[in-house]
There are 2 protein chains.
Amino acid sequence: MAKSSSRITLKDIARDVGVSTTTVSRVLAGKARKYRICDQTAKKVLSSAKKHNFKPNLSARALKLRKTYTIGVVVSDITNPFFASIAQSIELEARKQDYAIVLCDSGEDIFTEIECVELLRNRDVDGLIVSPVGEESNHLENICKEKLPLVLLDRYFPDLTIPYVACDSYTASQEAVSYLIKCGHHKIACIQGRVETISNKNRIAGYKKALRSNGIKLNNNFIIGDDFGEASGYLSMKLLLNQSPAPTAVLALSNPISLGALRAIREKDLKIPDDISIIAFDEQLYSKYLATPMTTIEQKNSEMGQVAVQLLIKQIKAKRYSSNKGILLPCNFIQRDSVKILK
Amino acid sequence: MAKSSSRITLKDIARDVGVSTTTVSRVLAGKARKYRICDQTAKKVLSSAKKHNFKPNLSARALKLRKTYTIGVVVSDITNPFFASIAQSIELEARKQDYAIVLCDSGEDIFTEIECVELLRNRDVDGLIVSPVGEESNHLENICKEKLPLVLLDRYFPDLTIPYVACDSYTASQEAVSYLIKCGHHKIACIQGRVETISNKNRIAGYKKALRSNGIKLNNNFIIGDDFGEASGYLSMKLLLNQSPAPTAVLALSNPISLGALRAIREKDLKIPDDISIIAFDEQLYSKYLATPMTTIEQKNSEMGQVAVQLLIKQIKAKRYSSNKGILLPCNFIQRDSVKILK
DNA sequence: CTGAAAGCGCTTACAG
DNA sequence: CTGAAAGCGCTTACAG
């Protein structure tokens with residue numbers, strides 16, 4: 001019966017069992033009960049489908065149902081291990097729920113991000129998970145307006161009602177800086193990433209809050225940097241080391257930044273933590289193997305990915321758009337050897 | 001004219017211009033010439049499509065044409081920075097050519113890999129790029145038999161004719177070990193990954209070749225390990241350090257392995273390179289910031305991804321299946337401070 | 001130079 | 001309890 005080499009279709013199964021495609025479709029959709037299809041028939045359909053290894057043509061189904069069982073994911077840089085592990089957990093959770101992910105990488109570029117979102121929409125994904133660059137949100141707001149499910153990841157817009165899942169950077173940053181202060185540091189610098197991202201804003205806010213709570217005056221020269229990458233961390237650290245007074249401790253707002261800072265510190269032949277202390281956001285596999293094992297702030301990457309998918313699929317299945325605020329997961333402070341105890 | 005909120009279709013454009021959908025389809029497919037469609041009409045179609053921001057429904061097109069403009073990618077572990085950067089370049093190159101990628105992560109598990117390949121085939125991807133776990137190749141051979149384009153990445157099967165792109169690990173490994181020997185090392189161990197992967201086999205072969213060429217007898221106890229992960233690197237290094245004679249240098253066949261080895265070395269309070277020398281496969285952002293900047297073998301990750309996509313799309317467009325052997329790109333030896341010069 | 005119509009493989013409202 | 005038929009939005013062989 002099989003139509004030569006091409007794939008088995010509903011029709012083939014119908015012919016095989018001697019029943020209409022309607023019935024086959026219903027049985028295979030698990031609606032045998034609902035349509036009170038005779039058990040005999042249902043069983044025959046099921047076994048024939050199995051025997052012929054029938055797989056529905058998803059394009060045909062998508063055309064009819066307007067559901068592709070696909071979710072679009074745009075990360076800002078998959079090369080950043082932080083996003084890599086999030087992507088991994090997104091894919092795993094999606095697969096568990098029978099969704100596939102089509103992945104785009106915006107390379108931290110807003111135009112690419114907009115292009116990717118557009119591209120994914122044209123592919124009729126059922127929903128989107130995006131970790132936006134942050135400079136611009138119109139294209140994301142439009143998605144919501146059109147009731148296409150969307151969940152923001154890691155970076156969100158506090159003034160908008162787009163649902164998100166992120167880690168509580170504010171509290172984590174505050175804790176880290178408080179720890180530095182408790183260790184006797186007063187000249188604490190902060191090497192930041194993209195200033196327009198909420199994660200950066202929150203971390204800066206936590207930093208300021210900790211200073212304020214401890215009666216330390218903010219030195220604006222101690223907030224420096226404008227990108228989450230290694231190069232910016234390097235440059236910023238070089239500038240900080242040339243300031244006077246120079247900081248005795250720095251908080252690096254991303255892991256690549258901390259690596260850049262390390263490079264600048266090494267170039268000056270300074271030692272961590274003797275000459276300068278450092279704490280970095282993002283725990284990595286290598287954090288404990290660096291010249292000085294690094295004190296870090298760990299974000300719950302795989303949880304974030306998993307929760308984002310669950311939130312999204314809930315939206316997809318809910319039909320009506322829920323403007324669910326957002327979810328903040330706690331961070332984890334990992335104390336190692338990169339902070340000197342001054343007092 | 002726009003049909004309420006739903007998307008613009010060919011029909012809408014046809015109605016707008018006052019022409020048949022056939023004509024619209026032809027113009028938009030760039031076949032105006034071929035069908036000698038009057039310039040006037042063509043222009044009107046084009047401008048109407050643009051005005052209404054018409055985007056073809058890809059599911060409909062896929063149903064008719066059996067082309068989804070999607071390529072399935074299965075990596076064995078996106079969390080491994082090596083694969084992350086490959087994935088990034090695959091996505092970028094695919095996007096340039098108007099393909100989207102649906103990504104799966106097999107987690108280095110053969111059953112998951114088979115499941116993912118199956119899942120991607122059911123989604124009618126136009127082709128597949130996979131970095132196989134390597135234990136098994138039937139599911140991949142089947143793909144080829146059915147003329148579905150496939151390119152293997154990083155790991156391939158030398159006895160099969162499935163096209164691949166990988167780096168020349170054999171030569172790189174041989175060079176690295178020759179370098180160690182030139183530095184005066186004779187007791188050189190090798191911490192390997194999954195023994196059934198070709199990359200591992202090639203690296204081991206290169207290692208043996210270098211020893212042989214230099215008249216050094218192979219000590220089988222010096223080849224150890226069975227997984228590319230950090231844990232295996234750690235355990236293997238511990239075992240090596242307890243052997244007698246212990247090696248004076250080790251070649252780590254992956255970056256995570258080298259981190260594991262570092263952990264074991266640190267636990268024993270040994271110093272690199274004074275007490276033990278090490279060279280690792282895979283250059284990473286952090287390689288130069290480790291306690292001792294690491295001498296590494298860099299693979300051309302983004303080139304691999306890019307070439308893989310190009311090879312695949314060539315196959316897709318060629319129709320007839322070309323059993324193109326495979327492409328090996330050269331590696332890059334990066335000399336730093338993790339090797340002691342003995343003589 | 002252009003169009004009517006069939007068909008890709010599904011799902012489902014309608015009818016019995 | 002089951003089926004014929006319409007339709008999702010495209011493309012293209014056939015006809016003029």
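None of the values given here were measured: they were computed from a predicted structure. Letters A, B, ... mirror the listed sequences (proteins, then strands); counts begin at 1. Computation of the quantities below employed the complete heavy-atom set of this structure, encompassing side-chain atoms and omitting hydrogens, waters and symmetry-equivalent molecules.
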Item checked: Donor + acceptor pair across side chains of Asp124(A), Thr68(A) (<3.5 Å) -> no
Margin query: When you measure from the side-chain N and O atoms of Arg66(A) to the phosphate of dT11(C), is any distance below 4.0 Å, counting only OP1 and OP2?
Written below: no
Check: Tell me: CZ of Arg15(A) to C1' of dG3(D), nearest whole Å?
Finding: 16 Å
Check: Ser20(A) and Thr23(A): side-chain donor and acceptor closer than 3.5 Å?
Finding: yes
Next item on the list: Evaluate the side chain to side chain donor-acceptor pair (under 3.5 Å) criterion for residues Gln88(A) and Asn301(A): first the C-alpha distance (whole Å), next the side-chain angles of each, then the deciding distance (0.1 Å), finally the verdict.
Entry: CA-CA 9 Å; Gln88(A) 184 176 54; Asn301(A) 305 1; over 6 Å; no
Checklist line | Geometric class of the Tyr99(B)/Tyr69(B) ring pair [parallel <30°, tilted 30-60°, perpendicular >60°] | finding: tilted
Notebook entry, point to check: Separation of Tyr35(B) atom OH from dC1(C) atom C1', in whole Å?
Noted result: 12 Å
Margin query: So if I take every side-chain heavy atom of Thr9(A) and compare against dT2(D), dC10(C), dC10(D), which nucleotide ends up nearest?
Written below: dC10(C)
Check: Between Thr23(B) and dG3(C), is there a side-chain N or O to OP1/OP2 distance below 4.0 Å?
Finding: yes
Check: Which nucleotide sits closest to the side chain of Leu10(B): dC10(D), dG3(D), dC10(C)?
Finding: dC10(D)
Item checked: Side-chain donor/acceptor of Asp105(A) to backbone N/O of Ile78(A), under 3.5 Å -> yes
Notebook entry, point to check: Is the shortest side-chain N/O distance from Thr41(B) to OP1 or OP2 of dT2(C) below 4.0 Å?
Noted result: yes
Check: Taking atom P of dC10(C) as reference, at what distance in whole Å does atom NZ of Lys64(B) sit?
Finding: 15 Å
Notebook entry, point to check: Counting side-chain heavy atoms from CB outward, which of dG7(D), dG3(D), dA4(C) is closest to Ser20(A)?
Noted result: dG3(D)
Notebook entry, point to check: Out of dC8(C), dT12(C), dC10(D), which has the shortest distance to the side chain of Lys31(A)?
Noted result: dT12(C)
Notebook entry, point to check: Just how far, in rounded Å, is C1' of dC8(C) from CZ of Arg7(A)?
Noted result: 13 Å
Notebook entry, point to check: In whole angstroms, how far is the C1' atom of dT11(C) from the CG atom of Leu63(B)?
Noted result: 13 Å
Notebook entry, point to check: Could you state the NZ-P distance from Lys34(B) to dC1(C), rounded to the nearest angstrom?
Noted result: 16 Å
Checklist line | Side-chain donor/acceptor of Thr22(B) to base of dT11(D), under 3.5 Å | finding: no
Next item on the list: Quote, to the nearest angstrom, the P distance that separates dC1(C) from dA5(C).
Entry: 24 Å
Next item on the list: Using a heavy-atom cut-off of under 4.0 Å over every strand shown, decide if Arg36(B) touches base, sugar-phosphate, or nothing.
Entry: base
Notebook entry, point to check: CG of Asn57(A) versus P of dC8(C): gap in Å, rounded?
Noted result: 11 Å
Notebook entry, point to check: Base, sugar-phosphate, or nothing: which does Ser59(B) touch, judged by heavy atoms less than 4.0 Å apart?
Noted result: nothing
Next item on the list: Take atom CD1 of Ile13(B) and atom P of dT11(D), then tell me their distance rounded to the nearest Å.
Entry: 13 Å
Note to self: Between Arg194(B) (side chain only) and Gly134(B) (backbone N and O only), is there a donor and an acceptor less than 3.5 Å apart?
What the structure shows: no
Next item on the list: Go ahead and name the base partner of dA15(D); Watson-Crick or wobble counts if both distances stay under 3.5 Å, otherwise write none.
Entry: dT2(C)
Check: To the side chain of Cys38(A), which of dC1(D), dG7(C), dG9(C) is closest?
Finding: dC1(D)
Check: Is there a donor and acceptor pair closer than 3.5 Å between the side chain of Arg26(A) and the base of dG3(D)?
Finding: yes
